[in-house]
Amino acid sequence: MDKSIEEKIKKLKKEKNAIILAHYYQVPEIQDIADYVGDSYALAKYAKSTEADIIILAGVKFMAETAKVLNPTKRVFIPDMNAGCSLVDAAPVEEFKNWINIFHNPFVVTYINSSIEIKMLSDVIVTSSNAVKIVSKIPEDKTILFAPDKNLGNYVMQKTNRNMQIWDGHCYVHDQLIAEQIINLKKQYVDAPVIAHPECQPTILAISDFIGSTSALLDYVKNTNFDKYIIATETGILHQMKKIKPDAKFIIVPANETCSCNDCMFMKLNTLEKIYDNLLLENNEILLTDEQINKAKIPIMRMMEMAEN
Ligand code: 13P
Ligand code: SF4
């Protein structure tokens, strides 16, 4: 009998000393075959310390690039090279350079959802799990620029009470969710807490009971005892939530069973077949120049120092 794709992947993974790191927005079958599933910060940390020869980053391209920067002697592959991110597209390099040049000696804080070129121009990188902590540590006399996600930027500004200049970018998945959808759901599910990713609009965050990165949202579900949760983020997260609480009901906003409106089209490009091809053909390798690695590593490592201490 023919081997299943999962068995073939496992065999090749072992032969080539490879690991699969998957983001929570991947389809369930990819999450289930991964050696590690995490949010963007946890994936970066895992990639930095792995001793595997090959890293398959089942997520989007900026995540694979970050893995390469942090562990450049390893070969990093992505299942689909077109797995981009609307936040990366929102900050073209030349426009970004011009923006920075408007300010005198600014401190540039950049979300990890950004291109390698933008990272090279930044002072520190942040993720949704550590942005508040990192921004609150920046010296008071600095002019802070925050890019490219305006919703995360406004949330961080509110939490830290720091004034920041914010780039006008957004995630197309989170930004399309609207508060009215949640208000309507709350009428139906009165006792269900609303939990949201900080890439959502301020009007959603204002009516949320908990705001956090994908891992933080999962921890919230783990550590609370509700039987229903209203979730404002990408659908992939439901797979782990259902594993944690199989009997709970997870209502994903906009709660329309017939549309896949909050499936990230970039994350969902990845498939088991493409992962198998990565392992077999060694295609879709992330290749960065020494200059890109050396320059982008500085703000990424600064993130790690500031987030961990
Ligand atoms: P996390 O940092 O929460 O994993 O978010 C990454 C992302 O792309 C959210 O849309
Ligand atoms: Fe980018 Fe949004 Fe997709 Fe996350 S969900 S990868 S921020 S487009």
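Keep in mind the model is a prediction, meaning the values are calculated, not measured. Counting convention: from 1, in listed order, for ligands and their atoms alike.
The cationic group of Lys228 does not satisfy the cation-pi geometry with Tyr189, failing either the under 6.0 Å distance to the six-membered ring centre or the 45° limit from the ring axis.
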Distances for all N or O pairs of ligand 1 and the protein under 3.5 Å?
residue	atom	partner	partner atom	Å
ligand 1	2 (O)	Ser40	OG	2.6
ligand 1	2 (O)	Ser128	OG	3.2
ligand 1	3 (O)	Ser128	OG	3.1
ligand 1	3 (O)	His197	NE2	2.9
ligand 1	3 (O)	Thr214	N	3.0
ligand 1	3 (O)	Thr214	OG1	3.2
ligand 1	4 (O)	His23	NE2	2.6
ligand 1	4 (O)	Ser40	N	2.9
ligand 1	4 (O)	Thr214	OG1	3.0
ligand 1	5 (O)	His197	NE2	3.3
ligand 1	8 (O)	Asn113	ND2	3.1
ligand 1	10 (O)	Glu199	OE1	2.9
ligand 1	10 (O)	Glu199	OE2	3.3

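Donor-acceptor pairing under 3.5 Å is lacking for the side chains of Tyr155 and Ser128. In summary, the side chains of Ser129 and Thr127 do present a donor paired with an acceptor at a separation below 3.5 Å, with no hydrogens or angles considered.
At least one side-chain heavy atom of Met164 sits under 4.5 Å from a side-chain heavy atom of Val156. With a 4.5 Å cut-off on side-chain heavy atoms, Leu21 and Met63 do not count as touching. The shortest distance between side-chain heavy atoms of Ile54 and Glu282 falls below 4.5 Å. Side-chain contact between Asp35 and Lys13 is present, with at least one heavy-atom pair separated by less than 4.5 Å.
Residue pairs satisfying the salt bridge (Lys or Arg N to Asp or Glu O under 4.0 Å) criterion with at least one member in residues 146-158, sequence neighbours excluded, are listed as follows: Lys150-Asp168. Residues in residues 44-71 take part in these salt bridge (Lys or Arg N to Asp or Glu O under 4.0 Å) pairs, two or more places apart or across chains: Lys45-Glu308.
Ring-plane geometry between Tyr229 and Phe250 is classed as parallel, the angle between the planes falling under 30 degrees on a 0 to 90 degree scale with a further cut at 60.
At least one heavy atom of Glu199 sits closer than 4.0 Å to an atom of ligand 2.
Shown here are the protein N/O/S atoms lying under 2.8 Å from atom 1 (Fe) of ligand 2, water excluded: Cys85 SG.
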